[in-house]
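For reference, the structure is listed below as structure tokens.
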Amino acid sequence: MRSDSKWGKSLLAAVLVTLGTTSVSSAQATNDANEDPLKAIEKLDNSKKDTGSITPLEALKIGARAYFAGDKAGAVDPLHYAAEHGQPLAAWKLGQMYSVGDGVKEDDLRAFRYYSQVASSYSEDRRDSPSPALVADSIVALGTYYVTGIGDSPVKPNVAKARQLFAYAASYFGDADAQYNLGNLYLQEDAKRQAARWLKLAAMKGHVSAQAKFGELLYNSANLQHGKLVGLQWMTLARRQASHPQDDWIVKLHEKAFALASEGERRTAAEWADQWLVRHDKAQSVASSN
């Protein structure tokens, strides 16, 4: 499943601002984060019975504070309460936690159910509908599960269903992860034209794995030297950003092509990659300031 590096902290932390928790003092936030989760749930239940003063929204905030304070196990009960009472952000976060065993025992089927809850709750016509980013992320997670299936469960491998989900998130939401996964499926089917279309869309958005795959596709498909150079440029760009152990395949892919390139081609590819990163960083800065 997808890691928290892209979405986890930014989306869950956003709730602390969106829900107005920035007005809470740091000392109060620390006390809330360190509170026994079972006591927190007891308070939630009692409050609901007596005054209703603590809502599923408050449970979401309690869970978020606990999670970012490092008490991931303590975040589970409040998040579960919030998810069961209609908070899609809580359901999404629980899906991520169960998919990788983050503070809980890994349970792909539970993750699948939480992601399904988020995906099925989206509607443009509902004001309380979850954000498109949450929905797209959840749809991609569901598609990934359908690619492999979940052992000893009703969720069996279903590539057609996975493609349908990826295509929806890629087209409707413009999600880069969905575009990358859809491109990969087309690559596996040797549908290179369709694969190139979706991989390029994701690559242009800064998706590192898509940049590597798109570069490899161009490099291996090009009959002309210029086409191979463009492929090398994209692989070099991906190599520049490959910083995690799971990116080792990108490093090896680039090294293989780089070894066959001339010194001039290597220099051209490196300069192009550096310029692309500068332009992309500037665009990101402008977008974030608006």
Side-chain angles (χ1 to χ4, degrees), residues 1-3 5-7 132-133 135-148 158-244 246-258 260-261 265 268-270 272-277 279-281 283-284 287:
M1 294 299 97
R2 299 165 73 178
S3 71
S5 59
K6 180 178 179 183
W7 301 104
V135 178
D137 192 77
S138 298
I139 291 173
V140 172
L142 293 172
T144 303
Y145 277 127
Y146 274 119
V147 170
T148 59
N158 188 333
V159 175
K161 181 68 173 178
R163 186 189 298 106
Q164 181 183 21
L165 290 167
F166 291 148
Y168 180 72
S171 302
Y172 190 80
F173 295 105
D175 183 84
D177 280 309
Q179 292 166 346
Y180 169 69
N181 279 282
L182 184 58
N184 255 342
L185 285 184
Y186 280 124
L187 268 183
Q188 293 169 18
E189 298 167 358
D190 204 32
K192 294 180 180 179
R193 186 179 297 274
Q194 294 96 321
R197 175 195 173 193
W198 292 108
L199 290 174
K200 183 178 181 180
L201 284 172
M204 292 295 292
K205 293 174 181 174
H207 195 291
V208 177
S209 295
Q211 292 168 349
K213 285 283 187 178
F214 181 56
E216 180 186 28
L217 179 59
L218 289 178
Y219 187 87
N220 292 331
S221 301
N223 293 320
L224 300 176
Q225 194 63 26
H226 176 70
K228 289 187 176 295
L229 176 59
V230 174
L232 179 62
Q233 290 171 342
W234 280 104
M235 285 187 281
T236 302
L237 175 60
R239 174 64 183 86
R240 285 278 197 274
Q241 303 166 87
S243 57
H244 303 289
Q246 62 266 32
D247 295 332
D248 186 55
W249 67 274
I250 296 176
V251 176
K252 293 178 179 178
L253 186 70
H254 175 258
E255 287 177 347
K256 183 178 179 181
F258 206 67
L260 299 175
E265 290 169 336
T268 299
W272 181 89
D274 290 338
Q275 292 169 5
W276 193 97
L277 287 172
R279 291 195 304 270
H280 183 71
D281 288 345
Q284 290 289 91

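In this structure, CG on Asn181 lies 7.0 Å from NE2 on His207, to the nearest 0.5 angstrom. Taking CH2 of Trp272 as the start and CH2 of Trp234 as the end, the distance is 4.0 Å to the nearest 0.5 Å. Going from atom CG of Asp177 over to atom NZ of Lys205 covers 10.0 Å, rounded to the nearest 0.5 Å. Annotation: the span from Tyr186 atom OH to Leu217 atom CG amounts to 14.0 Å, rounded to 0.5 Å. The CD atom of Gln211 lies 12.0 Å from the NE2 atom of His254; values are rounded to the nearest 0.5 Å. A distance of 6.5 Å separates CH2 in Trp249 from CG in Leu253, rounded to the nearest 0.5 Å.
Of all heavy-atom pairs spanning Ala270 and Arg240, the tightest one is CB-NH2, 3.2 Å. Closest heavy-atom contact between Trp198 and Ser171: CH2-OG, 3.5 Å. The two residues Val140 and Ala178 make their nearest non-hydrogen contact at CG2-CB, 3.6 Å. Pairing each heavy atom of Val251 with each of Ala242, the nearest pair is CG2-CB, 4.3 Å. When all heavy atoms of Ile139 and Ala169 are compared, the closest pair comes out as CG2-CB, 3.9 Å. Considering all non-hydrogen atoms of both residues, Thr236 and Ala269 come closest at OG1-CB, 3.6 Å.
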side-chain contact (heavy atoms from CB on, under 4.5 Å) evaluation trace for Val230 with Gln233: CA-CA 5 Å; Val230 174; Gln233 290 171 342; 4.2 Å; yes
Evaluate the side-chain contact (heavy atoms from CB on, under 4.5 Å) criterion for residues Phe166 and Asp175: first the C-alpha distance (whole Å), next the side-chain angles of each, then the deciding distance (0.1 Å), finally the verdict. CA-CA 9 Å; Phe166 291 148; Asp175 183 84; over 6 Å; no
side-chain contact (heavy atoms from CB on, under 4.5 Å) between Lys161 and Leu142, intermediate numbers included: CA-CA 9 Å; Lys161 181 68 173 178; Leu142 293 172; over 6 Å; no
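For Lys228, the NZ atom sits in a packed shell: over 12 heavy atoms of surrounding residues, nucleotides or ligands are nearer than 6.0 Å. Environment of CZ in Arg279: crowded, with over 12 heavy atoms of neighbouring residues, nucleotides or ligands closer than 6.0 Å.
Partners of Asn220 under the side-chain hydrogen bond (donor to acceptor under 3.5 Å, both in side chains) rule, at least two apart in sequence or in another chain, do not exist in this structure. Remark: Glu189 pairs with Arg163 by the side-chain hydrogen bond (donor to acceptor under 3.5 Å, both in side chains) rule, at least two apart or across chains. In this structure, the ring pair (Phe, Tyr, Trp, His ring centres under 6.0 Å) partners of Tyr168, at least two apart in sequence or on a different chain, are Tyr172, Phe173.
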